[in-house]
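Protein chains get the first letters and strands the later ones, always in sequence-line order, with residue 1 at the start of each.
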Number of protein chains: 2
Amino acid sequence: MARPRQIDRAGILEASLAIADERGLDAVTMQAVADRLGVTPMALYRHVKNKADLLDGLVETLLAEFALGTDDLPWDEQLAAFGRGVRASARRHPGAFALVLQLPASTPEARKTRERVYLALRQFGVAEADIPRAERLISTLVLGFAASEAAGRFRGHSRAVIDADYAALEELVGTYLAGLIA
Amino acid sequence: MARPRQIDRAGILEASLAIADERGLDAVTMQAVADRLGVTPMALYRHVKNKADLLDGLVETLLAEFALGTDDLPWDEQLAAFGRGVRASARRHPGAFALVLQLPASTPEARKTRERVYLALRQFGVAEADIPRAERLISTLVLGFAASEAAGRFRGHSRAVIDADYAALEELVGTYLAGLIA
DNA sequence: ACCTGAACACCGTTCAAGT
DNA sequence: ACCTGAACACCGTTCAAGT
């Protein structure tokens, strides 16, 4: 099978994510990514600015996964589904997930993700003035949990125990939201 | 002033942390650490196993900071003081703090930190059976918040806004604990 | 015992050159 | 337009050699 020589940014990110999944974030070198695409490392620089830009792209890819398949859910399940989506993404990409907490402020995808949570909170009945803080808090808690799980901080505990931990976090957030609405 | 040539692990960690504080985690190279100690990079290998070991040591140093000066506080303030200690450490060491969430499972200092939170929860009246989960949850939330703050995820918001976010998190944890005790 | 010099394999990145 | 070869400065790490 002849390798396609024409590469693009999406293909570079896909290859990078695959390497991170298989061999960890440290294995994501320009050389390794190029190898997987059948190209020399220098060829990558036409499509990504540099390695930092490549890693930024990786974060964007992960963020886009968070809301996967939550669109056609009833509004009162959207927020919970989003949280589960974050966790699922972390479990699929444990190597790359650490990057998500180091977000470069406000990329387009980060903005989109935030707006989605805003919408869910609005539908929940949270007052407009409380929405930004609720979003920051909820996102931080869920991302912190998922990042911990991905990094193996809960290693040594069974999946059942970790799932119960997450259920407790979900309940906590539920209580918080109930308090905001009351 | 003649440089001291005799180096040790503690001095290496101190120099590494100083570099991380001043120029970020990426600036912590064996060369940079050695330079700061007036020594060649190869000299470090007698005192740290390798770079990963050096970074592990950095995490241990940070963990030890969390409970700084909370020892002689009344028991009902210990937990809150611990949370503030985590945040203070994150603000002192924004470059290195990201490493804390990637903890290598269960180092001595991590165990000590966990036991301290256990004790506070016990004094609070949390049932023995609920303590491990409560510790995991509370530590994860506080570390996630502090890591986000250190990484600049809240950049663009004033210190007052971030402090109010943290106050909301404290209240949330308070509600959670009240629920466990009731 | 502790540090150094020399060396190695591997990084990210640039630039001129090829097609 | 897109990829490559050659080159550069910089990594972490090893090992034999110095004191």
Could you give the CG-to-P distance, from L54(B) to dC11(D), as a whole number of Å?
-> 14 Å
Rounded to whole angstroms, how far apart are CD on Q31(A) and P on dG5(D)?
-> 12 Å
Could you tell me whether Y176(B) and Y176(A) have their ring centroids closer than 6.0 angstrom?
-> no
Can you hop from V117(B) to L172(B) via hydrophobic side chains spaced under 4.5 Å?
-> yes
Measure from CG on L37(B) to P on dC3(C) and round the result to the nearest Å.
-> 10 Å
What's the CG-C1' distance between L55(A) and dC11(C), to the nearest Å?
-> 14 Å
Candidates dT4(C), dT4(D), dC3(C) - which lies nearest the side chain of I7(B) | dC3(C)
For residues F154(B) and Y166(B), establish whether the separation of their ring centroids is below 6.0 Å.
-> no
Euclidean distance, atom CG of residue D35(B) to atom C1' of dT4(C) [Å, nearest integer] | 14 Å
For dC2(D), does either OP1 or OP2 sit under 4.0 Å from a side-chain N or O belonging to H47(A)?
-> no
For DNA chain D, write out the stems as range with range, using runs of 3 or more consecutive Watson-Crick or G-U pairs with both distances under 3.5 Å.
-> C:4-8 with D:12-16, C:12-16 with D:4-8
When you get a sec, tell me which of dC11(C), dC11(D), dC3(C) is the closest nucleotide to the side chain of T29(A)?
-> dC11(C)
Given protein heavy atoms under 4.0 Å, the one-letter contact record of nucleotides 13-19 of chain D, with B base, S sugar-phosphate only and - none, is simply BB-----
Can a donor-acceptor pair be found between the side chains of S139(B) and R114(B) at a distance below 3.5 Å?
-> no
State whether a side-chain donor-acceptor pair under 3.5 Å links H93(A) with D21(A).
-> yes
Rounded off to whole Å, could you give me the CD-to-P distance for the Q6(A) and dT4(D) pair?
-> 11 Å
Is there a path of hydrophobic side-chain contacts, each under 4.5 Å between heavy atoms of I, L, V, M, F, W or Y residues, that connects Y118(B) with L177(B)?
-> yes
Within 6.0 angstrom of D163(A) CG, more than 12 heavy atoms from elsewhere | yes
By side-chain contact (heavy atoms from CB on, under 4.5 Å), R91(A) pairs with (sequence neighbours left out) R87(A), E149(A), R159(A)
Value in whole Å for how far the C1' atom of dC10(D) lies from CZ of R23(B) = 14 Å
Please round to the nearest 0.5 Å and tell me the distance separating atom CG of L101(A) and atom CG of L99(A).
-> 10.0 Å
